[in-house]
Participant: 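Let me give you the structure first, and then I'll get to my questions.
Lettering follows sequence order; numbering is per chain, from 1. Everything numeric in this text was worked out from a predicted model, so none of it was measured.
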2 protein chains.
Amino acid sequence: MQISELSDRSGLTVQTIKFYIREGLLPKGSAVSATRSEYDERHLERLRLINALRDIGDLPVAAIQQIIASVDDPSVGLHELFGTTQYAIGPHVERPDDPHWRAAREDVDALVRELGWKVGGGAPARDLLAHSFVALRRLGFPITLTDLRPYVRAATEVAEHELRRVSDDAPRTRTVHSLLVSTVLYEQVLTALHRLAQEDASARRFGA
Amino acid sequence: MQISELSDRSGLTVQTIKFYIREGLLPKGSAVSATRSEYDERHLERLRLINALRDIGDLPVAAIQQIIASVDDPSVGLHELFGTTQYAIGPHVERPDDPHWRAAREDVDALVRELGWKVGGGAPARDLLAHSFVALRRLGFPITLTDLRPYVRAATEVAEHELRRVSDDAPRTRTVHSLLVSTVLYEQVLTALHRLAQEDASARRFGA
DNA sequence: CCGGTTGGATGGCGTTACCATCCATCCGAG
DNA sequence: CTCGGATGGATGGTAACGCCATCCAACCGG
């Protein structure tokens, strides 16, 4: 198909598609002549993935580019892709040379050790959590292990469920998409349900 | 204290503080002369709140401004503040006049009804969830109620715990901060733990 | 043959969250 | 009393981001 059809079917403008190609998110079509290239279903599929990661996952184009690079490299295993995704998602907070920060980060590391979780030391989620600890303490709401228990339980159960759902006997493309969907899109599902549940709980506690 | 001390103690530049005052996030100091104003601990506290909402919650300044306006209005009840916060957080997705979208939105509404949740019909989280449904279907990963069950359970338990933790016998300021902290900051805590738990599950399933 | 499409390149735009400057005023140490 | 430095208030600039608009030469297809 031509780029205009790709544009129609994906719902993205031709300009945007060109932009994604320039940024390395989408491979070029196969050149048929100097002014014509042929695109196929894989391009459409790829655009749908990009769109989902941007629209729902709210990922920056640069992060998607990194993820795509791993997706397209067949030597990258599933767990490695997982790491790439987590790292690309960020957030990449500065780690100030500050005692409060170091204490919070140490608390996070201790928690991970205690739970026996196999998590890379450079995982951005560690920093995100530590960052939250610092902010909570600065606001006078110090966080305790008791506070965290329900979160840990919820996170564990959901994550187990998600990883169980990733089929690894399908073609690589399918498996990889499945993994990305589990991590990026279902994170939003969890967030949305969390917010809805909060509103319900708030209504029952404070509602008129 | 003067603005320079406020700047030092909050870690924000004088320019940024001026900017927040202009945007209505921070009340002016009480004018002592034409070129001097006095700030107090409440200003500092407010800056810490703003900083947490931006840094951790990643909220746009405009959203914080709306939240602050509710916080400062004593006639706004806690549940109402909750609604304001949810609405300010967004995301405000367009709702295309599209059968897929309408079907997804109807699925969400049915789910909320079935769970008996008291949630406003205009809650952005409904749209966020519906949006996710659409994207998942477009990618060929249709979502089922079975998939959702663990998420609903996790969200419910965490939300219950959070709302239980909001003390409503403290001064309004404290209670209100507590509510905001529960909704905005603990959402990030949940997300971070979710990611860590996923990495652990991935390591055990796919790791070398 | 000619209107319309494409690849490829380049420049512009709208938003967001500030930062930098400037000016007139003012404070306060000496 | 004076002068360096801080302040309030206003205005303009900036950097990143994710596109969109335009242009050109080449090309296709009716």
Participant: Taking the side chain as everything from C-beta on, heavy atoms only, tell me whether Leu148(A) gets closer than 4.5 Å to Val189(B).
Facilitator: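 They are in side-chain contact.
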Participant: Among all residues two or more places apart in sequence or in another chain, which pass the salt bridge (Lys or Arg N to Asp or Glu O under 4.0 Å) test with Glu94(A)?
Facilitator: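 Testing Glu94(A) for salt bridge (Lys or Arg N to Asp or Glu O under 4.0 Å), a comparison that skips the adjacent residues, returns none.
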Participant: If you fit an axis to the five pairs at each end of the helix from dC1(C)-dG30(D) to dG30(C)-dC1(D), how big is the angle between those two axes, to 10 degrees?
Facilitator: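 Taking five pairs per end, the axes differ by 10°.
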Participant: Mind checking what makes ring pair (Phe, Tyr, Trp, His ring centres under 6.0 Å) contact with Phe133(B), not counting sequence neighbours?
Facilitator: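 Ring pair (Phe, Tyr, Trp, His ring centres under 6.0 Å) list for Phe133(B), sorted by chain: empty.
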Participant: Round to a whole Å and report the spacing from CZ of Phe19(A) to P of dT22(D).
Facilitator: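 Phe19(A) atom CZ is separated from dT22(D) atom P by 19 Å.
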Participant: Would you list the atom pairs, donor with acceptor, under 3.5 Å between side chains in residues 30-37 of chain A and any protein atom, with sequence neighbours excluded?
Facilitator:
unit_1	atom_1	unit_2	atom_2	d
Ser33(A)	OG	Thr35(A)	N	3.2
Ser33(A)	OG	Arg36(A)	N	3.4

Participant: Going by ring pair (Phe, Tyr, Trp, His ring centres under 6.0 Å), name the residues that satisfy it together with His92(A), two or more places apart in sequence or in a different chain.
Facilitator: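 His92(A): ring pair (Phe, Tyr, Trp, His ring centres under 6.0 Å) contacts with Tyr87(A).
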Participant: With sequence neighbours left out, what residues match His194(A) under ring pair (Phe, Tyr, Trp, His ring centres under 6.0 Å)?
Facilitator: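 With neighbours one apart ignored, the set is empty.
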Participant: Who passes side-chain hydrogen bond (donor to acceptor under 3.5 Å, both in side chains) against Thr183(A), sequence neighbours left out?
Facilitator: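 Partners of Thr183(A) by the side-chain hydrogen bond (donor to acceptor under 3.5 Å, both in side chains) criterion come out as none, since no residue qualifies.
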Participant: Let me know the distance between CD1 of Ile17(A) and C1' of dT6(C), rounded to the nearest Å.
Facilitator: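 In whole Å, dT6(C) C1' and Ile17(A) CD1 are 13 Å from each other.
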Participant: Between atom CD in Glu23(B) and atom P in dC18(C), what is the gap in whole Å?
Facilitator: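 These atoms are roughly 10 Å apart.
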Participant: With Tyr186(A), which residues qualify under ring pair (Phe, Tyr, Trp, His ring centres under 6.0 Å), at least two apart?
Facilitator: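 Listed in chain order: Tyr151(B).
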Participant: Could you work out, with salt bridge (Lys or Arg N to Asp or Glu O under 4.0 Å) as the rule, every residue matching Asp200(B), not counting sequence neighbours?
Facilitator: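 Asp200(B) satisfies salt bridge (Lys or Arg N to Asp or Glu O under 4.0 Å) with Arg204(B) once adjacent residues are dropped.
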Participant: For residues 43-53 of chain A, which side-chain donor-acceptor pairs fall under 3.5 Å, sequence neighbours excluded?
Facilitator:
unit_1	atom_1	unit_2	atom_2	d
His43(A)	ND1	Asp40(A)	N	3.1
His43(A)	ND1	Asp40(A)	OD1	3.1
His43(A)	NE2	Pro27(A)	O	3.3
His43(A)	NE2	Lys28(A)	O	3.4
Arg46(A)	NH1	Leu25(A)	O	3.3
Arg46(A)	NH1	Asp72(A)	OD2	3.3
Arg46(A)	NH2	Asp72(A)	OD1	2.7

Participant: Using a 4.0 Å heavy-atom cut-off, write out nucleotides 2-17 of chain D from 5' to 3' as B (base contacted by protein), S (sugar-phosphate only) or - (no contact).
Facilitator: ----BBBB--------
Participant: Any N/O pairs under 3.5 Å between the protein and nucleotides 13-15 of chain C? List them or say none.
Facilitator:
none

Participant: What is the distance from CD1 of Ile50(B) to P of dA17(C), rounded to the nearest Å?
Facilitator: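 Interatomic distance, CD1 of Ile50(B) to P of dA17(C): 13 Å.
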Participant: Does Ser70(B) form a side-chain hydrogen bond (donor to acceptor under 3.5 Å, both in side chains) with Asp73(B)? I'd like the steps, not just the answer.
Facilitator: CA-CA 5 Å; Ser70(B) 284; Asp73(B) 180 350; over 6 Å; no
Participant: Please state how far atom OH in Tyr20(B) lies from atom P in dT16(C), giving the value in whole angstrom units.
Facilitator: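 Going from Tyr20(B) (OH) to dT16(C) (P), I get 14 Å.
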Participant: Can you see if the side chain of Thr16(B) gets near the phosphate of dA17(C) - specifically, an N or O under 4.0 Å from OP1 or OP2?
Facilitator: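 So the side chain of Thr16(B) is outside the cut-off, no N or O lying under 4.0 Å from OP1 or OP2 of dA17(C).
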Participant: Take the protein atom CG of Leu53(A) and the nucleotide atom C1' of dG18(D), then report the distance between them rounded to whole Å.
Facilitator: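 Spelled out: CG on Leu53(A) to C1' on dG18(D) is 16 Å.
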